[in-house]
K.L.:
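Let me begin by handing over the structure; questions about it come next.
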Amino acid sequence: MNWSDWQMSTYAFTWIMENVPDDKIILEFGSGETTKYLSKKYNMYSVEEDNRFVGLYDSNYIYAPIVNDWYDLESLKKGMPEKYDVIILDGPAHGKREGFLDNIGLFSLDKIIVVDDIDREGDRAVWDKLVKMTKDQYDKKSVSVHNAGIIY
């Protein structure tokens with residue numbers, strides 16, 4: 001597999017593959033090449049703002065264009081699975097990931113949460129806030145894996 005800067009770090013990908021059992025449900029924000037490989041082992045729900053990428057891989061795609069710097073909430077609510085085991089926050093590509101925090105009530109935080117690109121200032125701030133929120137509410141561990149953070 002040829003890894004690019006646009007994909008989740010190899011370390012985070014490997015962590016998921018080694019620590020998340022087969023057939024679990026993953027809700028990912030931002031789909032891409034990594035989706036192709038994760039979908040071979042997991043039941044994927046991919047939130048995607050760019051219609052050109054919807055349907056590229058074996059995932060349940062949720063097309064949610066960007067509205068006010070984050071995914072369209074009505075599209076999200078219609079397409080999200082009722083249950084999921086992992087959240088991957090790797091999007092939107094053209095918006096603010098802080099939108100996840102602004103709409104945190106939509107999500108179950110007692111899950112594994114992966115935040116990609118925590119080497120970038122804005123994404124690191126989202127990661128730091130999520131670590132604090134989840135540790136306050138749940139008995140969680142967190143680990144930084146290369147440029148991604150994982151709360152489990």
Side-chain angles (χ1 to χ4, degrees), residues 1-49 53 56-62 64 69-71 73 75-152:
M1 174 172 18
N2 295 326
W3 230 251
S4 74
D5 290 340
W6 285 94
Q7 292 171 260
M8 178 189 303
S9 75
T10 55
Y11 300 102
F13 175 80
T14 302
W15 189 95
I16 291 169
M17 296 296 279
E18 291 176 353
N19 291 280
V20 177
D22 293 9
D23 298 325
K24 293 295 183 182
I25 299 170
I26 296 179
L27 173 62
E28 71 170 342
F29 291 87
S31 67
E33 189 77 15
T34 306
T35 307
K36 174 179 171 179
Y37 299 102
L38 291 173
S39 66
K40 294 178 187 211
K41 185 174 177 179
Y42 306 108
N43 184 2
M44 302 292 295
Y45 283 79
S46 302
V47 180
E48 179 55 59
E49 78 263 19
F53 296 109
L56 283 181
Y57 303 112
D58 188 18
S59 181
N60 301 289
Y61 280 88
I62 303 163
D69 289 328
W70 206 60
Y71 298 105
L73 292 179
S75 299
L76 272 179
K77 290 175 187 175
K78 284 184 210 171
M80 276 183 23
E82 287 185 32
K83 294 195 270 184
Y84 43 89
D85 305 291
V86 178
I87 297 171
I88 297 175
L89 188 55
D90 193 17
H94 305 290
K96 297 181 180 176
R97 294 182 186 175
E98 293 87 351
F100 183 82
L101 297 174
D102 295 339
N103 296 284
I104 203 76
L106 294 174
F107 308 102
S108 300
L109 298 183
D110 61 340
K111 312 294 179 202
I112 294 171
I113 303 172
V114 179
V115 180
D116 200 25
D117 304 314
I118 63 171
D119 54 327
R120 300 188 306 209
E121 186 177 333
D123 296 333
R124 181 60 187 224
V126 171
W127 159 254
D128 290 339
K129 288 176 186 175
L130 274 171
V131 167
K132 182 175 180 355
M133 292 171 78
T134 55
K135 283 191 175 191
D136 289 348
Q137 293 182 15
Y138 309 100
D139 183 24
K140 290 285 193 177
K141 300 176 187 175
S142 62
V143 62
S144 183
V145 183
H146 192 55
N147 69 339
I150 300 169
I151 303 168
Y152 64 104

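Quantities reported herein were computed from a predicted structural model and do not represent experimental measurements. Computation of the quantities below employed the complete heavy-atom set of this structure, encompassing side-chain atoms and omitting hydrogens, waters and symmetry-equivalent molecules. Start at 1 with the first residue, then count along the sequence.
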K.L.:
Checking the side chain of Tyr42 only, and the main-chain atoms of Val20 only, is there a donor and an acceptor separated by less than 3.5 Å?
P.N.:
yes
K.L.:
Any sub-3.5 Å donor-acceptor pair from Asp116's side-chain atoms to Ala148's backbone N or O?
P.N.:
no
K.L.:
Using side-chain heavy atoms (C-beta onward) and a distance below 4.5 Å, is Ile16 in contact with Ile88?
P.N.:
yes
K.L.:
Which label fits Trp70 and Phe107: parallel for a plane angle under 30°, tilted from 30 to 60°, or perpendicular past 60°?
P.N.:
perpendicular
K.L.:
For the CD atom of Glu48 and the OH atom of Tyr57, what is their distance to the nearest 0.5 Å?
P.N.:
11.0 Å
K.L.:
Which atom pair, heavy atoms only, marks the closest approach of Val145 to Ala12?
P.N.:
CG1-N, 3.6 Å
K.L.:
Per the side chain to side chain donor-acceptor pair (under 3.5 Å) rule, which among Asn60, Asp58, Asp23 passes with Asn43?
P.N.:
Asn60
K.L.:
Quick one: closest heavy-atom pair of Met17 and Leu38, and the distance?
P.N.:
SD-CD2, 4.0 Å
K.L.:
Please find the pair of heavy atoms, one from Asn147 and one from Ser9, that lie closest to each other, and give the distance.
P.N.:
OD1-CB, 2.8 Å
K.L.:
Which atoms form the tightest heavy-atom contact between Trp127 and Val143, and what is the distance?
P.N.:
CH2-O, 3.5 Å
K.L.:
Measure the CD1-CD distance between Ile25 and Glu82 for me, rounded to the nearest 0.5 Å.
P.N.:
10.0 Å
K.L.:
May I ask you to test the Glu28-Val86 pair for a side-chain heavy-atom distance under 4.5 Å?
P.N.:
no
K.L.:
If every non-hydrogen atom of Leu106 is compared with every non-hydrogen atom of Met80, which pair is closest and at what distance?
P.N.:
O-CE, 3.6 Å
K.L.:
Taking the side chain as every heavy atom from C-beta outward, state whether Tyr61 and Met44 have any pair of such atoms under 4.5 Å apart.
P.N.:
no
K.L.:
If we only count heavy atoms from C-beta on, is the Thr35 to Leu56 side-chain gap below 4.5 Å?
P.N.:
no
K.L.:
Would you say that Asn103 contacts Tyr71 through its side chain, given a criterion of any heavy-atom pair below 4.5 Å between the two side chains?
P.N.:
no
K.L.:
Do other residues, nucleotides or ligands put more than 12 heavy atoms under 6.0 Å from the CD atom of Gln137?
P.N.:
yes
K.L.:
Does a side-chain N-to-carboxylate-O contact under 4.0 Å join Lys41 and Asp22?
P.N.:
yes
K.L.:
Is any side-chain heavy atom of Thr134 less than 4.5 Å from a side-chain heavy atom of Asp136?
P.N.:
no
K.L.:
Hey, is OH on Tyr11 packed in by over 12 heavy atoms from elsewhere, all under 6.0 Å?
P.N.:
no
K.L.:
Is the distance between the ring centroids of Tyr84 and Tyr45 under 6.0 Å?
P.N.:
no
K.L.:
Can you confirm whether the side chains of Ser46 and Ser59 place a donor and an acceptor under 3.5 Å from each other?
P.N.:
yes
K.L.:
Taking all non-hydrogen atoms of both residues into account, name the closest pair between Leu101 and Val126 and its distance.
P.N.:
CD1-CA, 4.0 Å
K.L.:
Using a strict threshold of under 4.0 Å (side-chain N to carboxylate O), is an ion pair present between Lys132 and Asp128?
P.N.:
no
K.L.:
Whether Lys36 and Glu33 form a salt bridge (side-chain N of Lys/Arg under 4.0 Å from carboxylate O of Asp/Glu) is what I want to check.
P.N.:
yes
K.L.:
Ile118 versus Ser144: any side-chain heavy-atom pair under 4.5 Å?
P.N.:
yes
K.L.:
Is it the case that over 12 heavy atoms from other parts of the model lie below 6.0 angstrom from the NZ atom of Lys140?
P.N.:
yes
K.L.:
Measure the OG-CD1 distance between Ser108 and Ile87 for me, rounded to the nearest 0.5 Å.
P.N.:
7.0 Å
K.L.:
Would you mind checking if Arg97 and Asp90 are paired as a salt bridge, meaning a charged N to carboxylate O distance below 4.0 Å?
P.N.:
yes
K.L.:
With a 4.5 Å limit on heavy-atom distance, are the side chains of Val115 and Ile151 in contact?
P.N.:
no
